[in-house]
Structures are given as C-alpha cells and as structure tokens.
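Remember, predicted model here, so these are calculated numbers, not experimental data. Heads up: numbering here begins at 1 and tracks the sequence.
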Amino acid sequence: MRIFLVGMMGAGKTYCGRLLADKMGLDFIDLDEELEKTEKKPIKEIFADIGEEGFRIVESRTLRSFGAADNFIMATGGGTPCFFKGIDWMNRVGLTIFIHTPIKIIIERLKNEGIST
C-alpha cells in the first residue's frame with residue numbers, strides 16, 4: 001500500500017501523515033525531508049542554487065525513487081502533483097489523498113512559521 005498526501009503548503013500533510021502512518025502501522029515519508037537528505041541542504045538552498053525548475057526535477061526524481069517501495073504514507077510537497085505529471089504517477093502507483101484545509105488556516109500557519117503570504 002502506497003498513500004500519497006497532497007495539498008497546499010501548510011495544509012497539514014506531514015502532521016496528518018505521521019498520525020495516519022502510526023495508526024496504520026506503515027512507514028512515514030516526508031518528501032521534503034528526503035530531498036534535503038539527498039541534496040544535503042535545506043529546501044531553500046536547493047531553490048537558491050538550482051532554481052524552481054531544477055528543484056522540480058530533483059523532487060520528481062526523488063518521488064519516483066519510491067516506486068519500488070511499499071507500505072508507506074508520504075507527505076508530498078505542495079507543488080509535487082503539479083510538475084512532471086506527479087499526480088498521474090502517484091494515482092497510478094498508489095492512493096492519493098488531498099488534504100483540504102481552509103485558506104485562512106493555511107495563511108495563519110504560514111505566518112506562524114515566518115513564511116510570508
């Protein structure tokens with residue numbers, strides 16, 4: 001079983017994913033954390049070094065590297081489904097769940113994290 005959580009930045013994908021994985025006895029994967037491990041730098045630095053297009057290429061490659069894995073729940077990045085047919089790939093290999101969070105809540109969460117909206 002492969003479950004991919006998608007939604008806007010600040011929607012709660014990581015939070016929900018950790019809880020769901022624990023309840024279901026599955027591994028939890030945060031795609032952003034995997035990117036940071038692979039690239040050995042924070043997301044902000046990856047963007048600064050290679051730009052959004054380069055970042056999306058690395059993100060897509062990292063996402064697809066889990067194609068042979070099983071029994072996990074993955075919190076994807078906010079843009080992951082939108083580039084290089086990410087949503088099509090996730091729908092083909094697993095179950096994709098959209099985390100709907102009202103925009104007012106997302107804005108408040110991002111402000112609390114110091115991310116300008």
- Quick one: does Arg2's side chain have a donor or acceptor within less than 3.5 Å of a partner on Gly67's backbone? yes
- Item | Residues forming a side-chain hydrogen bond (donor to acceptor under 3.5 Å, both in side chains) with Ser60, sequence neighbours excluded | Arg64
- ring pair (Phe, Tyr, Trp, His ring centres under 6.0 Å): pairs with one or both residues in residues 39-58, sequence neighbours excluded: Phe47-Phe55
Tabulate below the donor-acceptor pairs under 3.5 Å that side-chain atoms of residues 23-31 make, not counting sequence neighbours, or state none.
from	atom 1	to	atom 2	distance (Å)
Asp30	OD1	Asp32	N	2.9
Asp30	OD1	Glu33	N	3.0
Asp30	OD2	Thr14	OG1	2.6

- Answer with yes or no whether the hydrophobic clustering places Ile57 together with Leu35; edges join I, L, V, M, F, W, Y residues whose side-chain heavy atoms lie under 4.5 Å apart. no
- What residues, two or more places apart in sequence or in another chain, satisfy side-chain hydrogen bond (donor to acceptor under 3.5 Å, both in side chains) together with Lys41? Asp49
- Give the intermediate values and the outcome of side chain to side chain contact (heavy atoms under 4.5 Å, CB included) for residues Leu63 and Met74. CA-CA 9 Å; Leu63 171 67; Met74 177 184 286; 3.6 Å; yes
- Taking the side chain as every heavy atom from C-beta outward, state whether Met1 and Leu95 have any pair of such atoms under 4.5 Å apart. no
- Interatomic distance, OG1@Thr62 vs CD@Glu39, rounded to 0.5 Å, equals 6.5 Å
- For Pro81 and Val6, work out which heavy atoms get closest and say how close. CG-CG1, 3.7 Å
- Query: Which ILVMFWY residues can you reach from Tyr15 by hopping between side chains whose heavy atoms are under 4.5 Å apart?
  - Reply: Leu19
- Query: Which pairs, with at least one residue in residues 70-98 and sequence neighbours excluded, count as a salt bridge (Lys or Arg N to Asp or Glu O under 4.0 Å)?
  - Reply: none
- Query: Ala69: what forms a side chain to side chain contact (heavy atoms under 4.5 Å, CB included) with it, not counting sequence neighbours?
  - Reply: Phe66, Phe72
- Message: Using the rule given for salt bridge (Lys or Arg N to Asp or Glu O under 4.0 Å), can you reason through Lys37 versus Glu34, listing the C-alpha separation, both sets of side-chain angles and the distance that settles it, and then say yes or no?
- Response: CA-CA 5 Å; Lys37 280 188 226 171; Glu34 293 299 320; 3.2 Å; yes
- State, with a plain yes or no, whether a side-chain heavy atom of Ile46 is found less than 4.5 Å away from one of Glu59. no
- Task: For Lys13 and Ile99, indicate whether the former's side chain and the latter's backbone hold a donor-acceptor pair under 3.5 Å.
- Result: no
- Item | Pairs satisfying ring pair (Phe, Tyr, Trp, His ring centres under 6.0 Å), at least one member in residues 77-106, at least two apart | Phe4-Trp89
- Applying salt bridge (Lys or Arg N to Asp or Glu O under 4.0 Å), name anything that partners Lys104, two or more places apart in sequence or on another chain. none
- Main-chain N/O of Ile43 paired with Glu36 side-chain donor or acceptor, under 3.5 Å: yes
- Note on the structure: Scanning both residues in full, the closest heavy-atom pair of Thr76 with Leu5 reads OG1-O, 2.8 Å
- Message: Run the side-chain hydrogen bond (donor to acceptor under 3.5 Å, both in side chains) test against Glu52 and tell me which residues pass, sequence neighbours left out.
- Response: Arg56
- Message: Just to verify, what does Glu45 make a side-chain hydrogen bond (donor to acceptor under 3.5 Å, both in side chains) with, not counting sequence neighbours?
- Response: none
- Rounded distance [0.5 Å steps], CD1 in Ile97 versus CD1 in Ile3: 5.0 Å
